[in-house]
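Heads up, the thing below is written out as structure tokens.
In this chain, numbering begins with 1 at the start of the sequence shown. The shown structure was predicted, so the numbers you read here are calculated from the model rather than taken from an experiment.
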Amino acid sequence: MVRHPRAKLHRRRTPRLQGLSFNKIIPNVMTLLALCAGLTSLRYGLHGEFEKAVVAIILAAILDGLDGRVARLLNGTSRFGAELDSLSDFVCFGVAPALLLYLWSMGMAGGVGWALVLLYVVSCALRLARFNTQLMGERDLPAWAYNYFTGVPAPAAAGLVMLPMMLSFATETPEVFSHPALVGLVLAGVAALMVSRLPTFSLKKVKVPHKAVMPLLVGIGILAGLLVTNPWLTLGGVGVIYLALIPISFHTFRRLQREAQHMAGGEDQGKTEPVEGA
């Protein structure tokens, strides 16, 4: 019996299905868990359980901060994982906080309130799109520039935009922080910070000096105790400290930029920009 040559050729070209190693799946699972946490916050918000909704977004931020590190640790980074992480960030830190604030306060402002909510969501989408375009190209940045983000990253923006809500949980006069004028001002300000070119500190590549390890651990222990005793006021304080660090990060970035330009003899170092962050 003579076999048809085309059938033989087709059989040779058929690729074998290759499975993924478990190391490459774990970071994607963590990203999906973060996405589920962000969507669950919307469910709590629709039922008026705003404290649980904020906790769900905080959980999403923790998982988002871990998935990339776990991927690099397990050598499981991939283009698919990066795209999935970006989509999850848009839902968890763009759509979810904005809709929660609309349900909580901005709905009372009518069309203006909805416009400010859209402004925040669109700014988050633009930021993540800018981040994705930078992932596609190779960028040779000096070592000192990798310690900075361009603008406020999406998880930090979600925490900042929900500051009025968290502070209202910690006070006996929640109506002060839930006023649409205040919440709308915060929405517009955080939206501007996300799409801005301001350099902000990135802790991803910061190395802690040996002498600072013990004080840092003690500080983390104190922070954990404050989170247990008065979580909302503590989280609000952390947000305020982050805002106060933005001018400092701008000043230190410009100083390092000038020093690098001076050491390079005035070459094209002045156009260096901080690395983008989701």
Handout entry: Spacing of CD1 belonging to Ile220 relative to CG belonging to Leu216, to within rounding of 0.5 Å
Key = 4.0 Å
Fill in the blank from the handout: Heavy-atom nearest pair, Tyr120 first then Val190, reads CE1-CG1, 3.8 Å
Handout entry: Atom pair CG/CD1 of Leu32 and Ile25 - distance to nearest 0.5 Å
Key = 11.0 Å
Exercise for the section: Check whether any side-chain heavy atom of Thr31 lies under 4.5 Å from a side-chain heavy atom of Asp64, and answer yes or no. Expected result: no
Exercise for the section: Quickly, which of Ile241, Leu245, Val240, Ile246 forms a side-chain contact (heavy atoms from CB on, under 4.5 Å) with Leu243? Name it, please. Expected result: Ile246
Problem - Any Thr200 side-chain heavy atom under 4.5 Å of Pro153 side chain - result: yes
Handout entry: Distance in Å, Asn28 CG paired with Phe80 CZ, rounded so as to fall on 0.5 Å steps
Key = 5.5 Å
Practice task
Check whether any side-chain heavy atom of Tyr102 sits under 4.5 Å from a side-chain heavy atom of Leu116, and report yes or no.
Solution key: no
Hey, can you pull the donor-acceptor pairs under 3.5 Å for the side chains in residues 33-49, sequence neighbours left out?
from	atom 1	to	atom 2	distance (Å)
Thr40	OG1	Cys36	O	2.6
Ser41	OG	Gly38	O	2.4
His47	ND1	Arg43	O	2.8
Glu49	OE2	Lys52	NZ	3.3

Exercise for the section: Using the rule that two of Ile, Leu, Val, Met, Phe, Trp, Tyr join whenever any of their side-chain heavy atoms come within less than 4.5 Å, decide whether Leu185 and Val122 are in one cluster. Expected result: no
Would you tabulate the side-chain donor-acceptor contacts of residues 154-173 under 3.5 Å, counting partners in other chains and residues two or more places apart, or write 'none'?
from	atom 1	to	atom 2	distance (Å)
Ser168	OG	Met165	O	2.5
Thr171	OG1	Leu167	O	3.3

Problem - Check: Met194 and Cys124 side chains under 4.5 Å, non-hydrogen atoms - result: yes
Completion exercise
Correct closest heavy-atom pair for Ser178 and Met108 would be O-CE, 4.1 Å
Handout entry: Heavy-atom side-chain contact between Tyr148 and Leu256 under 4.5 Å
Key = yes
Exercise for the section: Might you point out which heavy atoms bring Arg130 and Arg197 nearest each other, and give the distance in Å? Expected result: NH1-NH1, 2.9 Å
